[in-house]
Protein chains: 2
Amino acid sequence: MEQPTLRKEQIYFAAGGLFSRKGYHATSVRDIARELNLQGGSLYAHIESKEDVLWEIVQRAASEFLQQVAPIADERAPAPDRLRRMIVEHIRIVTDRLEDATVFFHEWRFLAPERRDCITLRRDEYEAAFRRVIEEGVARSEFRAVDPRLTAVAVLSTVNGVYQWYRPDGPLSPTQIAESFAELFLHGLQAQHTGG
Amino acid sequence: MEQPTLRKEQIYFAAGGLFSRKGYHATSVRDIARELNLQGGSLYAHIESKEDVLWEIVQRAASEFLQQVAPIADERAPAPDRLRRMIVEHIRIVTDRLEDATVFFHEWRFLAPERRDCITLRRDEYEAAFRRVIEEGVARSEFRAVDPRLTAVAVLSTVNGVYQWYRPDGPLSPTQIAESFAELFLHGLQAQHTGG
DNA sequence: CCTACCGATCGGTAGG
DNA sequence: CCTACCGATCGGTAGG
């Protein structure tokens, strides 16, 4: 999403950048307005509240992950292949939409309780997709006998953490990073190995 | 640290809880004062600014990790043993001091630039300790040839992420969690394995 | 440590 | 979309 033309989209775009750099609470509606050369109050011709803007950004990011990554969990390929592709696609989204992903991971907890609960549910659903692949891999002896939940959490922590250090001008492409992480975890999950 | 008696410590304690639950910017000095049954302005008999309180909490957490975990990197044990112990000790600190660790990971970026840079340095130093162990393990063929930086980042993301989901009343002890993660990464780093 | 206050800024609205 | 404003709250201070 580059330089959207619709005012509402411009607001989400500017807010995404500000929320990711300064945080939700340290960003004022006047900060957002200034980026669009508007007066503070003028924003309210397009939005209903500051929280609605956060909600929209967070929801879109959640949908991105759920729609583009989670379904891979239920394809018919071997578990290791599925897990690898989920890692690659997840990191592609994070690096592709670095600011919105940052807001999603960092600021969702400032939503009102009802909305926060909704995001918690979607995150649980997402984690469950990773857990399912690992469980199936274990069941089919494609993976060794690990705790599926802990392993899913480790993978997710690692791929989520990318937003904290990734820089587009860094030496490694998103795919290289993802393949490296996938190798690490797939080795770690490997069923057979010579003793150390 | 439970129920400190010194006023200044009580302030750090209350602020740690509030900052971790609501975030630094959404917590007012009056929120902190209320927890200690004080008036808002009375805090300033003990502190110089709200940011100083954040600084103290973040500094202490950083010191904890640097002093208790980083030195393990330079002991003379085999690299896999050192890495395992670093993971265990790191997670012990996170779970032991869940609120301060949360503030450390989540709110340090709201410090003024100079202090933020100082924390960035200390974090880099800490990451370097993990990287060093991995590099040495690779050099001695205790680990396979991985990218030491990416691997260090994966391990750190995973052990840092514990604060986001760990609950003291959960089914797994901090040590069990840590051993499970250590197994996963040590398997992933293993030098020899039968091809998959 | 309290009372009482400072100027600044907050999210949001009315009326045009 | 602007002007002008609302009440509330912010971090912090003076004086006791």
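Sequence lines set the chain letters: A, B, ... in the order given, protein chains first and strands last, and positions in each chain run from 1.
Just one of A/Tyr24, A/Trp108, A/Trp55 meets the ring pair (Phe, Tyr, Trp, His ring centres under 6.0 Å) condition when paired with A/Phe19; it is A/Tyr24.
Distance from the side chain of B/Gln39 is smallest for C/dC2 among the nucleotides D/dC1, D/dC10, C/dC2. Each of D/dG12, C/dC1, D/dG11 was ranked by its minimum atom distance to the side chain of B/Ser49; first place goes to D/dG12. Each of D/dC2, C/dC10, C/dC1 was ranked by its minimum atom distance to the side chain of A/Leu38; first place goes to D/dC2. Looking at the side chain of B/Tyr44, the nearest of the listed nucleotides D/dC2, C/dG12, D/dT13 is D/dT13. Checking D/dG11, C/dC1, C/dG12 against every side-chain atom of B/Ser42, the shortest atom distance belongs to C/dC1.
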Output field dot_bracket for DNA chain D (Watson-Crick or G-U, both distances under 3.5 Å, | for other-strand pairs) contains ||||||||||||||||
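Between B/Leu54 atom CG and D/dG12 atom P the separation is 12 Å, expressed in whole Å. Atom pair B/Arg30:CZ and C/dC10:P shows a separation of 16 Å (rounding to whole Å applied). The nearest whole Å value for the distance from the NZ atom in B/Lys8 to the P atom in C/dC1 is 13 Å. If you measure from atom CZ of A/Arg34 to atom P of C/dG11, you get 11 Å, rounded to the nearest angstrom. Residue B/Lys50 contributes atom NZ, which lies 12 Å from atom C1' of D/dT9 at whole-angstrom precision. C/dG11 atom C1' lies 15 Å from atom CD1 of A/Ile11, rounded to whole Å. In this structure, B/His25 atom NE2 and C/dG11 atom P are separated by 12 Å, rounded to whole Å. Rounding to whole angstrom units, CD1 of residue A/Ile47 and P of C/dG11 are separated by 10 Å.
In this structure B/Tyr166 satisfies the ring pair (Phe, Tyr, Trp, His ring centres under 6.0 Å) test with no other residue, sequence neighbours excluded. B/Phe104 is linked by a ring pair (Phe, Tyr, Trp, His ring centres under 6.0 Å) to B/Phe65, counting only residues two or more places apart in sequence or in another chain.
Two residues are said to be in side-chain contact when any heavy atoms from C-beta on lie closer than 4.5 Å; B/Leu111 and B/Glu51 meet this criterion. Taking the side chain as every heavy atom from C-beta outward, B/Arg131 and B/Tyr126 never approach each other to under 4.5 Å.
With respect to B/Arg132 and B/Glu135, no salt bridge is recorded, no charged nitrogen being found less than 4.0 Å from a carboxylate O. Between B/Arg82 and B/Glu136 there is a salt bridge, with a side-chain nitrogen of the basic residue lying less than 4.0 Å from a carboxylate oxygen of the acidic one.
Backbone-only engagement by B/His46 is indicated by non-hydrogen atom pairs under 4.0 Å involving sugar-phosphate atoms exclusively. Residue-level contact check: B/Gly41 touches the bases, meaning some heavy atom is under 4.0 Å from a base atom.
Remark: A/Ser28 is in phosphate contact with C/dC10, judged by side-chain N or O atoms under 4.0 Å from OP1 or OP2.
Along DNA chain C, the nucleotide closest to B/Ala45 and the one closest to A/Tyr24 are compared, and the more 5′ of them pairs with B/Ala45.
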